[in-house]
There are 2 protein chains.
Amino acid sequence: MTRRDQAIATLRGKGCRLTPQRLIILSTLSEADGHMDVSAVLRRSRKSYPYMDTATVYRTLHLFKSMGVVTEVAMGDRRCFELTDPQGKHHHMVCRVCGGAFDLSPGYLDAFGAKLVGEFGFTPDLDNFTITGVCAACAHPRRGAGRKAT
Amino acid sequence: MTRRDQAIATLRGKGCRLTPQRLIILSTLSEADGHMDVSAVLRRSRKSYPYMDTATVYRTLHLFKSMGVVTEVAMGDRRCFELTDPQGKHHHMVCRVCGGAFDLSPGYLDAFGAKLVGEFGFTPDLDNFTITGVCAACAHPRRGAGRKAT
DNA sequence: CTAAGTGCAAAGATTTTGCCTCCTA
DNA sequence: TAGGAGGCAAAATCTTTGCACTTAG
């Protein structure tokens, strides 16, 4: 089951209407496979539905976030959204130079998360975690082009 | 040397003028000892200088950020500023229930960061790192009030 | 002195809201 | 069909910018 299908099931289960606009926004997020800001969601959604309205995108993303089907992540000084990974953990490293996103296997953060719980009683939201930084290609421009890996 | 003094030295070294407004904004950030958003900086700065202008705050914070004397951090869905810690990193845990922010000593993420660099060549932005989750008070409401920590 | 910085006001962005119409369930 | 959702436009915010005046160095 794809994340998009999972999201649809969740929305249906919570009694939300599955309007064409909502499905388009889900598809948009799904195709991009990651972090898009509001204007990017709007722009891309309009490719399949030119009348998509700004207010609809805002309302929909807020709804999705409150339903847990999308996650809002801070990318530097920008707020982005992405479909929540139903498997649970799914981490990304996002390069702030080229914008590329790289998957990070679960496990890398486990020790860290366990420490926070143990020492502070603070339970971090590690299920959908994104960290920004600079990828190898952008850090060493001569060794490879800084192309986008989405 | 306090962070504020450090900041002043840096600014002076880079040839920036030390206007009263800039000093007030530094003091404001310094007194609050932490993450304040633009409107909070403005509001508090006006206590010592009622004519402080919005544009000045924006311009000053941008300047300070570009000079490295303040760091912009994403606190949930809010962008905040704080004096850069000259010791280096200093992280936050933000409770998504009560909104409270807790400092996280450097070191907790070092092993994690080193792994990313070593295994993927990805250099994470740990200076600017905030993790959301649920704090002890909110996770165990009976044991303590969910009060706000800055 | 004089270039940098501020204040003010206006322009631009971004995000939210009201209200009426439309459509999903 | 009835209440939720979308469209549209206006409003509320948030942020940036132009320009004349002030001031730190």
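Keep in mind that the numbers below use all heavy atoms, side chains included, and drop hydrogens, waters and symmetry copies. Lettering of chains follows the sequences in order, A, B, ..., and the numbering in each one begins at 1.
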**Q** Is any side-chain nitrogen or oxygen of A/Gln21 closer than 4.0 Å to OP1 or OP2 of D/dG7?
**A** yes
**Q** With nearest nucleotide decided by heavy atoms, which residue, A/Leu63 or B/Leu18, maps closer to the 5′ end of DNA chain D?
**A** A/Leu63
**Q** Just how large is the angle between the end axes of the helix from C/dC1-D/dG25 to C/dA25-D/dT1, five pairs per end, to 10 degrees?
**A** 50°
**Q** Tell me whether the side-chain N/O atoms of B/His62 come closer than 4.0 Å to OP1 or OP2 in D/dT15.
**A** no
**Q** Can you check the B/Leu11 CG to C/dA4 P distance for me, whole Å?
**A** 16 Å
**Q** Donor-acceptor check, side chain of A/Arg22 to backbone of A/Arg17, threshold 3.5 angstrom: yes or no?
**A** yes
**Q** Would you say the side-chain atoms of A/Ser66 pair up with the backbone N or O of A/Leu63, donor to acceptor, closer than 3.5 Å?
**A** yes
**Q** Does A/Tyr58 have a side-chain nitrogen or oxygen under 4.0 Å from the phosphate oxygens OP1 or OP2 of C/dT15?
**A** yes
**Q** In whole angstrom, give the distance that lies between atom CZ of B/Arg12 and atom P of C/dA4.
**A** 18 Å
**Q** Tell me whether B/Arg3 contacts the main-chain N or O of B/Leu83 through its side chain, where contact means a donor paired with an acceptor under 3.5 Å.
**A** yes
**Q** I need the CZ-C1' distance between A/Arg46 and D/dC8, as an integer number of Å.
**A** 12 Å
**Q** Before you tell me yes or no, could you show the steps for B/Phe122 and A/Leu104 under side chain to side chain contact (heavy atoms under 4.5 Å, CB included), namely the whole-Å CA-CA distance, both residues' side-chain angles and the distance that decides it to 0.1 Å?
**A** CA-CA 11 Å; B/Phe122 186 91; A/Leu104 180 58; over 6 Å; no
**Q** Roughly how many Å is it from OH in A/Tyr51 to C1' in D/dA9, rounded to a whole number?
**A** 18 Å
**Q** Just the rounded figure in Å: distance from C1' of D/dC14 to CG of B/Asp37.
**A** 11 Å
**Q** Which nucleotide wins on minimum distance to the side chain of A/Ala55, given the candidates D/dT15, D/dA9, C/dT6?
**A** D/dA9
**Q** Please tell me which of the listed nucleotides, D/dT15, C/dT6, C/dC8, lies nearest to the side chain of B/Val38?
**A** D/dT15
**Q** Side-chain donor or acceptor of A/Arg59 under 3.5 Å from a matching atom on the base of D/dG7?
**A** yes
**Q** Looking only at atom types and distance, does a side-chain atom of A/Arg4 sit under 3.5 Å from a main-chain N or O of A/Leu26, one as donor and one as acceptor?
**A** no
**Q** Report the distance from atom CD1 of A/Ile24 to atom P of D/dA5, rounded to the nearest whole Å.
**A** 16 Å
**Q** Expressed as a whole number of angstroms, how long is the span from B/Met52:CE to D/dT22:P?
**A** 19 Å
**Q** If you only use heavy atoms from C-beta on, which nucleotide in C/dC23, D/dG7, C/dT14 is closest to the side chain of A/Arg17?
**A** C/dC23
**Q** Is the backbone of B/Met52 close enough, under 3.5 Å, to the side chain of B/Thr56 for a donor and an acceptor to pair up by distance?
**A** no
**Q** Quick check on side chain to side chain donor-acceptor pair (under 3.5 Å): which of A/Lys65, A/His35, A/His62 does A/Glu72 satisfy it with?
**A** A/Lys65
**Q** It should be established whether B/Thr54 places a side-chain nitrogen or oxygen under 4.0 Å from OP1 or OP2 of nucleotide D/dT15.
**A** no
**Q** Give the nucleotide from the list C/dG7, C/dT6, D/dG7 with an atom nearest to the side chain of B/Arg22.
**A** C/dT6
**Q** Respond yes when some side-chain nitrogen or oxygen of B/Thr56 is under 4.0 Å from OP1 or OP2 of C/dG7, and no when none is.
**A** yes
**Q** Output yes when a side-chain donor or acceptor of B/Thr84 lies under 3.5 Å from a complementary backbone atom of B/Gly68, and no otherwise.
**A** yes
**Q** What integer distance in Å separates A/Leu23:CG from D/dG4:P?
**A** 19 Å
